[in-house]
Amino acid sequence: MNAQTPDSPERADFIREIVAADVREGRHATIVTRFPPEPNGYLHIGHAKSICLNFGIAREFGGRCHLRFDDTNPTKEEQEYIDAIEADVRWLGFDWGEHLYHASDYFEQLYEWAVALIRAGKAYVDDLTADEIREHRGTLTEPGQDSPWRDRPTAENLDLFERMRAGEFPNGARVLRARIDMAAPNINLRDPVLYRIVHAAHPRTGDAWCIYPTYDFAHGQSDAIEGVTHSICTLEFEVHRPLYDWLIENLPVPSRPHQYEFARLNLTYTVLSKRVLLRLVNEGHVRGWDDPRMPTISGLRRRGFPAEGIRDFAAVIGVAKADSVVEVGQLEFAVRGVLNRTASRRFAVLNPLKVVLDNYPAQQVEEMEVANNPEDPSAGGRSVPFTRELWIEHDDFREDPPAKFFRLAPGREVRLRGAYFVTCREIVKDAAGQVVELRCTYDPATRGGDAPDGRRPKATLHWVSAAYAVPAEVRLYDHLFVRPDPGADGDLFADLNPASETVLRGCLVEPALAATTVGQTVQFERLGYFAPDPDSMAGHLVFNRTLTLKDTWAKLGAQGRQDT
RNA sequence: UGGCGAGUGGCCUAACGGUAAGGCACCUGACUCUGGAUCAGGGGAUUGAAGGUUCGAAUCCUUCCUCGCCAGCCA
């Protein structure tokens with residue numbers, strides 16, 4: 001994926017090193033990984049890290065990566081999520097080919113294996129209630145106690161388990177448990193629940209089943225059925241590995257997968273918890289899973305983030321076992337890098353200030369040819385109409401310019417990008433004393449942006465012709481949470497950023513922007529990257545600000561070095 | 001407190017016993033028709049702590065400290 005030179009081999013993370021060693025020692029004919037989401041919500045940037053890891057390893061080692069839905073809990077799963085997950089993985093640029101699977105594809109096989117476990121005396125039906133089971137489980141420091149049903153005769157276990165499947169019992173009446181060790185120091189080994197009764201329709205199997213395997217009983221076996229060689233998951237499953245291995249060892253599974261764990265992604269100013277994201281959606285803090293402020297793949301996409309930027313980010317943050325919190329700035333850096341290379345430049349004025357060029361012919365219209373992307377000559381150019389009356393950014397004018405303010409001010413000459421040099425001659429104010437218009441003159445000799453005498457203004461401004469400008473709504477986005485560690489003080493929702501979205505309605509943009517389609521992210525010169533929102537329509541353009549440009553001037557202000 | 005895992009500059013990551021590397025961020029300067037981009041340079045860590053082994057330790061050993069995960073019939 002990344003460029004790799006002979007003398008500076010790309011550093012592999014610890015998982016890739018394990019895979020490489022397995023390949024080197026001939027342990028597997030083909031490397032098989034899998035990305036196993038539960039369809040109980042939308043994918044987020046944390047999943048993207050896992051997707052890039054799993055699909056990336058498969059590609060790098062000439063193997064394959066499966067997309068498998070871990071759909072073992074019908075009460076939380078929905079078809080909407082299944083569809084969204086498939087779309088998001090594809091959008092990220094990965095392809096599972098023929099290898100789309102579901103844990104539910106294996107329900108019958110898993111059931112048979114559960115029966116085999118019972119026959120082997122390694123599983124039993126427990127009549128204890130959930131509360132009683134918890135009480136018998138012991139604590140971190142005290143061993144658990146055997147359930148009174150632990151030594152139930154095999155025949156009785158078989159009969160009861162069959163009747164559980166047949167639907168004879170209500171939810172929670174009984175469970176199937178592995179018979180391991182109630183005194184195990186690892187609590188996950190204290191006779192974990194393998195099957196529970198859930199009378200609920202499953203998005204794929206309908207009501208064919210009323211007992212469902214737990215994660216632990218489904219995951220490793222699913223890996224084994226699919227021939228997964230490296231089952232990569234996040235750190236919280238580390239304590240489940242002994243159980244994963246126990247099941248693989250005690251069941252006649254067709255292959256022997258191994259589980260490896262890495263640290264999940266954490267980002268500053270961001271929450272990556274499906275539980276919390278679901279609340280943000282359900283409680284209306286955002287407009288949906290794909291709200292541009294959401295860290296979901298669909299939200300980032302709507303915001304204008306390119307898939308390549310997300311992939312680059314995943315590659316640069318690496319994979320390790322230490323818990324960590326990556327600064328969002330790192331993600332933004334990766335995204336800006338891609339956008340700088342690929343986004344077409346356009347002119348858009350968010351907060352318009354009228355400029356009239358007194359010495360410019362009233363009816364004249366000039367089509368100024370401006371490059372689409374100075375970084376990429378092959379991107380060509382477009383023409384932008386230039387007229388006597390223009391709009392510029394209000395922030396680009398100061399009546400009393402502070403030190404280091406290079407933009408327009410009384411008597412000052414600046415360049416209008418791709419057009420002419422203009423000089424501010426007069427300020428027009430309204431009754432309240434607000435500047436509402438600037439009377440300027442232009443220098444006809446500077447057409448295209450260069451002066452024959454070689455003089456060079458310190459500032460170049462973007463502009464839009466008043467006669468041809470197209471109105472637009474622009475939505476500015478900022479972090480969803482105000483602090484880098486949302487919820488650290490207790491109430492996560494108290495840390496929501498009330499200004500995470502600012503809607504600007506009076507924006508005026510160059511005509512070419514009316515043709516921008518959803519999926520294209522453009523750069524509004526000097527302002528940032530913007531993407532048309534799906535709400536955008538022919539008569540009503542709507543743009544989302546993906547990211548601002550790096551803004552040294554603003555930074556000076558924030559540091560108080562800008563005497564305003 | 002039991003088990004498991006992890007601690008490297010502000011953040012992420014590397015170094016696999018041979019004398020701390022890279023990216024982000026930060027600071028300078030150059031360049032510039034985006035205060036963008038680019039280019040050049042800079043500051044900043046002795047690797048959680050203390051002992052020990054060794055010619056040599058971020059890497060090995062010991063003890064301690066800190067953080068994370070596990071007591072769902074969630075995943």
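The basis for the numbers below is simple: all heavy atoms, side chains too, and nothing from hydrogens, waters or symmetry mates. Order of the sequence lines sets the chain letters (A, B, ...), proteins ahead of strands, with each chain counted from 1.
Look at Arg345(A) and you won't find any side-chain N or O under 4.0 angstrom from OP1 or OP2 of U34(B). Proximity of Arg137(A) to the phosphate of C73(B): a side-chain N or O atom is located under 4.0 Å from OP1 or OP2. Taking side-chain N and O atoms only, Lys550(A) has a distance below 4.0 Å to OP1 or OP2 of A37(B). Regarding contacts with the backbone of A71(B), every side-chain N or O of Arg190(A) stays at 4.0 angstrom or more from both OP1 and OP2. In terms of phosphate contacts, Arg241(A) brings no side-chain nitrogen or oxygen within less than 4.0 Å of OP1 or OP2 of C4(B). Note on Thr72(A): a side-chain N or O is less than 4.0 Å away from OP1 or OP2 of A75(B). Using a 4.0 Å cut-off, no side-chain N or O of Lys321(A) falls inside it from OP1 or OP2 of G68(B). A close approach under 4.0 Å does occur between a side-chain nitrogen or oxygen of Arg196(A) and OP1 or OP2 of C74(B). Put simply, Thr75(A) has no side-chain N or O that comes within less than 4.0 Å of OP1 or OP2 on C74(B).
If you check every strand for non-hydrogen atoms under 4.0 Å, Asp126(A) touches nothing. At the heavy-atom level, Leu128(A) lies under 4.0 Å from base atoms of the strands shown. Within the 4.0 angstrom heavy-atom criterion, base atoms lie near Val175(A). Within 4.0 Å of Thr139(A), counting heavy atoms only, lies at least one base atom of the nucleic acid. No contact: Val198(A) has no heavy atom under 4.0 Å from any strand. Within the 4.0 angstrom heavy-atom criterion, no nucleotide atom of any strand lies near His462(A). In this structure, Pro143(A) reaches neither bases nor backbone, as no heavy-atom distance under 4.0 Å exists between it and the strands shown. Here Glu142(A) lies out of heavy-atom contact (under 4.0 Å) with every strand. Within the 4.0 angstrom heavy-atom criterion, no nucleotide atom of any strand lies near Leu235(A). Using a 4.0 Å heavy-atom distance criterion, Glu261(A) is classed as making no nucleic acid contact. Phe262(A) comes within 4.0 angstrom of nothing in the nucleic acid, heavy atoms only. Using a 4.0 Å heavy-atom distance criterion, Arg407(A) is classed as a base contact.
Base pairing annotation: A25(B) forms no Watson-Crick or G-U wobble pair, as no partner gives both donor-acceptor distances under 3.5 Å. Shown here, U19(B) forms no base pair; nothing in the strands shown gives a Watson-Crick or G-U wobble contact with both key distances under 3.5 Å. Judged by Watson-Crick or G-U wobble contacts below 3.5 Å, the nucleotide U38(B) has A30(B) as its partner. Across all strands shown, the partner of A49(B) is U63(B), judged by Watson-Crick or G-U wobble contacts whose two distances both fall under 3.5 Å. When both pairing distances are held under 3.5 Å, U8(B) makes no Watson-Crick or G-U pair with any nucleotide shown. C69(B) and G3(B) make up a base pair, with Watson-Crick or G-U wobble contacts both under 3.5 Å.
Ion pairing between a basic and an acidic side chain is recognised when a charged N comes within 4.0 Å of a carboxylate O; Glu236(A) and Arg264(A) show such pairing. Ionic pairing of Glu413(A) and Arg455(A) is present here: one or more N-O contacts between side-chain nitrogen and carboxylate oxygen are shorter than 4.0 angstrom. Look at Glu332(A) and Lys550(A) and you find no salt bridge, because none of the NZ, NE, NH1 or NH2 atoms lies under 4.0 Å from a carboxylate O. A salt bridge does not link Lys76(A) to Glu38(A): none of the charged side-chain nitrogens sits closer than 4.0 Å to a carboxylate oxygen. A salt bridge between Arg190(A) and Asp181(A) is absent, with no side-chain N of the basic residue lying under 4.0 Å from a carboxylate O of the acidic one.
Whole-Å rounding puts the Phe237(A) CZ to G68(B) P distance at 19 Å. As a whole-Å value, the separation of Asn186(A) CG from A71(B) P is 10 Å.
Here the separation of G7(B) from C16(B), taken at their P atoms, is 15 Å to the nearest Å. Comparing the P positions of A15(B) and G22(B) gives a spacing of 15 Å, expressed to the nearest Å. Remark: the separation of the P atoms in U28(B) and A37(B) is 15 Å, to the nearest Å. Rounded to a whole angstrom, the distance from the C1' atom of A30(B) to that of G35(B) is 15 Å. Comparing A58(B) with A20(B), their P atoms are spaced 9 Å from each other, to the whole Å. Nucleotides C55(B) and C60(B) place their C1' atoms 16 Å apart, quoted to the nearest Å. The same atom, C1', is picked in U8(B) and in G72(B); the two are 37 Å apart, to the nearest Å. Spacing between C31(B) and A40(B) at atom P, rounded to whole Å, works out to 15 Å.
Within the 6.0 Å centre-distance limit, the rings of Phe524(A) and Phe543(A) are counted as a close aromatic pair. The aromatic ring centroids of Phe161(A) and Tyr111(A) lie less than 6.0 Å from each other.
Along RNA chain B, the nucleotide nearest Thr141(A) and the nucleotide nearest Ile133(A) are compared for position; the residue whose nucleotide lies closer to the 5' end is Thr141(A). Two residues, Lys458(A) and Phe333(A), neighbour RNA chain B, and the one matched to the more 5' nucleotide by heavy-atom proximity is Phe333(A).
A donor N or O paired with an acceptor N or O is found under 3.5 Å between the base of G10(B) and the side-chain atoms of Glu327(A). If you check distances only, the side chain of Glu238(A) never reaches the base of G68(B) with a donor-acceptor pair under 3.5 Å.
Between Trp209(A) and Val198(A) there is no side-chain heavy-atom pair separated by less than 4.5 Å.
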Asp105(A) vs Arg68(A), test: salt bridge (Lys or Arg N to Asp or Glu O under 4.0 Å). Steps then yes/no. CA-CA 10 Å; Asp105(A) 296 340; Arg68(A) 181 173 74 234; over 6 Å; no

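Both stacking criteria are satisfied for Trp553(A) over the base of G35(B): a centre-to-centre distance under 5.5 angstrom and an angle between ring planes under 30 degrees.
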